[in-house]
Undergrad: 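The structure under discussion is supplied below as structure tokens; questions concerning it will follow.
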Amino acid sequence: MSFQAYLDAVETKTGLTPRRLVELAAERGYGPGTKATPIVEWLKDDYGLGRGHAMAMVHVITKGDRIPGTHVGSGGTHAAASDRLWLDGKDSRPADW
């Protein structure tokens, strides 16, 4: 599953775009420097997310919308077409993203 697919699945499960979850995380004081555990617990308790999907959100909350270039075109488990993640909703993502 690509990194973007994890975020799309989070949106489907929660009904919130990844960007909105980042905003809600910031309201709770989560951001760069926050350890994964409190974010994972919040996402599990409030939204029923499992560890894998929560960890994708931990990355976005703590590191932003960039992923390592090693995933781009790698053909591996988390292969991605771009080193940027779309946070504004799967239905609004441009076809060429």
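Along the sequence shown, residues are numbered consecutively beginning with 1.
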Undergrad: Take Arg28 and Asp46 through the test side chain to side chain contact (heavy atoms under 4.5 Å, CB included) and record every step on the way to the result.
TA: CA-CA 13 Å; Arg28 297 176 72 90; Asp46 287 12; 3.9 Å; yes
Undergrad: Answer yes when Lys44 and Glu41 have at least one side-chain N-carboxylate O distance shorter than 4.0 Å, and no when they do not.
TA: no
Undergrad: Atom NZ in Lys13, atom OH in Tyr47: separation rounded to 0.5 Å?
TA: 13.0 Å
Undergrad: For a quick test of reading the model, state the closest non-hydrogen atom pair linking Gly29 to Thr34 and the distance between them.
TA: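 Closest heavy-atom pair between Gly29 and Thr34: O-OG1, 3.9 Å.
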Undergrad: Apply the test side chain to side chain contact (heavy atoms under 4.5 Å, CB included) to residues Thr14 and Arg20: give CA-CA distance (whole Å), side-chain angles for both, the deciding distance (0.1 Å), then the verdict.
TA: CA-CA 10 Å; Thr14 66; Arg20 181 65 183 133; over 6 Å; no
Undergrad: Rounded at 0.5 Å granularity, tell me how far NE2 in His59 sits from CD1 in Ile39.
TA: 12.0 Å
Undergrad: Just verifying a value: how many Å separate Met55 CE and Phe3 CZ, rounded to the nearest 0.5 Å?
TA: 9.0 Å
Undergrad: List in chain and number order the residues that pass side-chain hydrogen bond (donor to acceptor under 3.5 Å, both in side chains) with Arg51, two or more places apart in sequence or in another chain; answer none if no residue qualifies.
TA: none
Undergrad: Less than 4.5 Å apart, any side-chain heavy atom of His53 and any of Leu43?
TA: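 When only atoms from C-beta onward are counted, Leu43 and His53 do not touch, as no gap falls below 4.5 Å.
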Undergrad: Looking at Ile67, Leu21, Leu87, Asp65, which hits side-chain contact (heavy atoms from CB on, under 4.5 Å) with Val60?
TA: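 Output: one option passes, namely Leu87.
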Undergrad: Run Met57 and Val22 through side chain to side chain contact (heavy atoms under 4.5 Å, CB included) and show every step you take.
TA: CA-CA 8 Å; Met57 283 306 307; Val22 170; 4.2 Å; yes
Undergrad: How long is the span from the CG atom in Leu24 to the CZ atom in Arg19, to the nearest 0.5 Å?
TA: 13.0 Å
Undergrad: Rounded at 0.5 Å granularity, tell me how far CG in Asp8 sits from CG in Leu85.
TA: 9.5 Å
Undergrad: Shortest non-hydrogen contact from Arg93 to Gln4?
TA: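 Smallest interatomic distance, heavy atoms only, reads NH1-NE2, 3.2 Å.
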Undergrad: If a pair satisfies ring-ring contact (aromatic ring centres under 6.0 Å, His included) and one of its residues is in residues 12-38, list it, with sequence neighbours excluded.
TA: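 Residue pairs passing ring-ring contact (aromatic ring centres under 6.0 Å, His included), neighbours aside: Tyr30-Trp42.
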Undergrad: Going by heavy atoms in the side chains, are Trp86 and Ser92 under 4.5 Å from each other?
TA: yes
